[in-house]
S.K.: 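Dropping the structure in here first, questions after.
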Amino acid sequence: MKTSIREQKIISILESRGEMSVNALSEQLGVSVSTLRKQLADMQERKLIIRTYGGVMSANRFPDETFDSKLHKSVSEKRRIATRARQLVHEGDTISLGSGTSVYALSNLLDDIEHATIYTNSMQAAEFLARCASLDVHICGGIIRSATGTIIGNEAFNFFNGICVDYAFISCDAIDDTGEVYSDNIAVAAVESAVLKNAKHRYVLCDSTKLGKRSIARIVNLRDCDALITGKNDSIVAEKISLAANVDFV
């Protein structure tokens, strides 16, 4: 079995089971313990898994919610967020799109651009945009998270780390009142951070249910972005975030 295929199997097994002993995992994969330990060490360095004493666990401590499930939450707010974000981009722009349903809502509004180059790690966004003849669409390689259609891993990280774009848009799972932006998954956070890295303009799109929360993996602070685009929220949390960074309420 090729190392890349085995890596994908390891992530899939651990995200369904949470944690396993190295011995049990080696038996399931049909690979020697010594070979597996070397691969697990490399995967831990890339934050794809977490090593424990005698075992290994998923880097994602939260059960995956499916893309379709997320898609049907806060629909009207995500539509407003996407409409506002769409006003920022123009013909001829280069655009990076991260994963998540708020960014996917934006991707669905880009089909009227006469010409643009788009890079993404979202299977759903790529599938929609590939139908638009006027757009030059690039999707990264890597490991596909089956529940969400998000592409992660070293190949995806290097893909975004090596390109420069005009605009980058990501979504997230949480934003605390200091403006720290989080994902529920360490490997996802690493790629989303790379999506933003070489962009001239950086935007975080998320619905207001994510505000005032923290999660396991930091992506970025809003101070390093042009703005957060989110739905109207009159809470004290929203006021604190607005003091920490530029917030565009829609």
Side-chain angles (χ1 to χ4, degrees), residues 4 7-8 46 66-68 70-71 75 78-172 181 183 185 187-207 219-220 224-230 248 250:
S4 59
E7 183 173 280
Q8 187 166 345
R46 291 183 283 131
T66 67
F67 180 85
D68 287 342
K70 293 180 179 181
L71 192 62
V75 175
K78 290 175 183 177
R79 188 177 299 118
R80 296 197 307 273
I81 290 168
T83 300
R84 175 69 186 97
R86 171 64 183 84
Q87 297 170 2
L88 299 169
V89 297
H90 305 89
E91 180 181 351
D93 284 339
T94 53
I95 306 163
S96 283
L97 301 177
S99 59
T101 52
S102 293
V103 175
Y104 175 70
L106 169 60
S107 75
N108 280 231
L109 300 180
L110 299 177
D111 56 351
D112 64 341
I113 298 181
E114 287 300 321
H115 174 69
T117 302
I118 299 176
Y119 305 90
T120 187
N121 69 324
S122 166
M123 293 288 290
Q124 292 86 356
E127 182 180 9
F128 175 82
L129 293 168
R131 306 169 190 166
C132 308
S134 62
L135 301 178
D136 185 9
V137 182
H138 302 257
I139 187 168
C140 67
I143 301 164
I144 302 170
R145 303 184 73 222
S146 58
T148 62
T150 302
I151 303 174
I152 59 170
N154 201 45
E155 190 176 349
F157 178 86
N158 290 336
F159 175 87
F160 287 105
N161 211 31
I163 60 174
C164 297
V165 298
D166 297 311
Y167 292 89
F169 299 91
I170 67 162
S171 189
C172 65
V181 180
S183 170
N185 183 281
V188 172
V191 177
E192 299 298 282
S193 179
V195 170
L196 295 175
K197 182 177 179 181
N198 296 321
K200 294 178 183 176
H201 304 285
R202 307 170 182 177
Y203 292 89
V204 178
L205 314 182
C206 82
D207 65 80
I219 301 173
V220 71
D224 297 318
C225 300
D226 288 69
L228 161 68
I229 303 177
T230 187
D248 192 351
V250 294

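This is a predicted model, so every value here is computed, not measured.
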S.K.: Answer whether the closest heavy-atom distance between the side chains of I163 and S96 falls below 4.5 Å.
M.R.: yes
S.K.: Just by modelled atom types, is the L97 backbone N or O under 3.5 Å from a matching donor or acceptor in the T120 side chain?
M.R.: yes
S.K.: Testing L196, D224, I219 for side-chain contact (heavy atoms from CB on, under 4.5 Å) with V181, which one passes?
M.R.: I219
S.K.: Could you point out which residue of I139, L129, D136 forms a side-chain contact (heavy atoms from CB on, under 4.5 Å) with I118?
M.R.: L129
S.K.: If I take atom CG from residue L205 and atom OG1 from residue T101, how far apart are they, to the nearest 0.5 angstrom?
M.R.: 10.0 Å
S.K.: Would you call D226 and L88 a side-chain contact if the rule is heavy atoms closer than 4.5 Å?
M.R.: no
S.K.: Mark yes or no for whether N198, through its side chain, and V165, through its backbone, hold a donor-acceptor pair below 3.5 Å.
M.R.: no
S.K.: Is it true that a side-chain atom of S107 and a backbone atom of A126 form a donor plus acceptor pair closer than 3.5 Å?
M.R.: no
S.K.: Report yes if some heavy atom in the side chain of H138 is under 4.5 Å from a heavy atom in the side chain of F159; otherwise report no.
M.R.: yes
S.K.: Please name the pair of heavy atoms, one in Q124 and one in Y104, separated by the smallest distance, quoted to 0.1 Å.
M.R.: O-CE1, 3.5 Å
S.K.: Is the shortest heavy-atom distance from the side chain of F169 to the side chain of V89 under 4.5 Å?
M.R.: yes
S.K.: Between L228 and C206, is any pair of side-chain heavy atoms under 4.5 Å apart?
M.R.: yes
S.K.: So I151 and V191, side chain to side chain contact (heavy atoms under 4.5 Å, CB included) or not? Walk me through it.
M.R.: CA-CA 8 Å; I151 303 174; V191 177; over 6 Å; no
S.K.: Taking all atoms of both residues into account, what is the closest heavy-atom pair of E114 and S134, and its distance?
M.R.: O-CB, 2.9 Å
S.K.: If only atom types and distance count, is the side chain of D93 paired as donor or acceptor with the main-chain N or O of I95 below 3.5 Å?
M.R.: no
S.K.: CZ/F128 to CG/L110 distance, rounded to the nearest 0.5 angstrom?
M.R.: 8.0 Å
S.K.: Find out whether V220 and K197 are in side-chain contact, i.e. whether some heavy atom of one side chain is under 4.5 Å from a heavy atom of the other.
M.R.: no
S.K.: Hey, does E192 have a side-chain heavy atom less than 4.5 Å from the side chain of S99?
M.R.: yes
S.K.: Indicate the atoms forming the closest heavy-atom contact of G98 with V103, along with that distance.
M.R.: O-CG1, 3.3 Å
S.K.: For the residue pair A187 and I152, what are the closest heavy atoms and their distance?
M.R.: CB-CD1, 3.7 Å
S.K.: Do any N or O atoms from the side chain of R145 and from the backbone of T150 form a donor-acceptor pair under 3.5 angstrom?
M.R.: no
S.K.: To the nearest 0.5 angstrom, please state how far the CD atom of E7 sits from the CZ atom of R46.
M.R.: 4.0 Å
S.K.: Indicate yes or no for a side-chain donor-acceptor contact from S193 to the backbone of A189 under 3.5 Å, with no hydrogens or angles considered.
M.R.: no
S.K.: Out of curiosity, I229 CD1 to Q87 CD, how far, rounded to the nearest 0.5 Å?
M.R.: 8.5 Å
S.K.: R86 versus D112: any side-chain heavy-atom pair under 4.5 Å?
M.R.: yes
S.K.: What closest approach, in Å, do A105 and K78 show between heavy atoms, and which atom pair accounts for it?
M.R.: CB-O, 4.0 Å
S.K.: For C172 and V204, which heavy atoms make the closest approach, and how far apart are they?
M.R.: SG-CG1, 4.1 Å
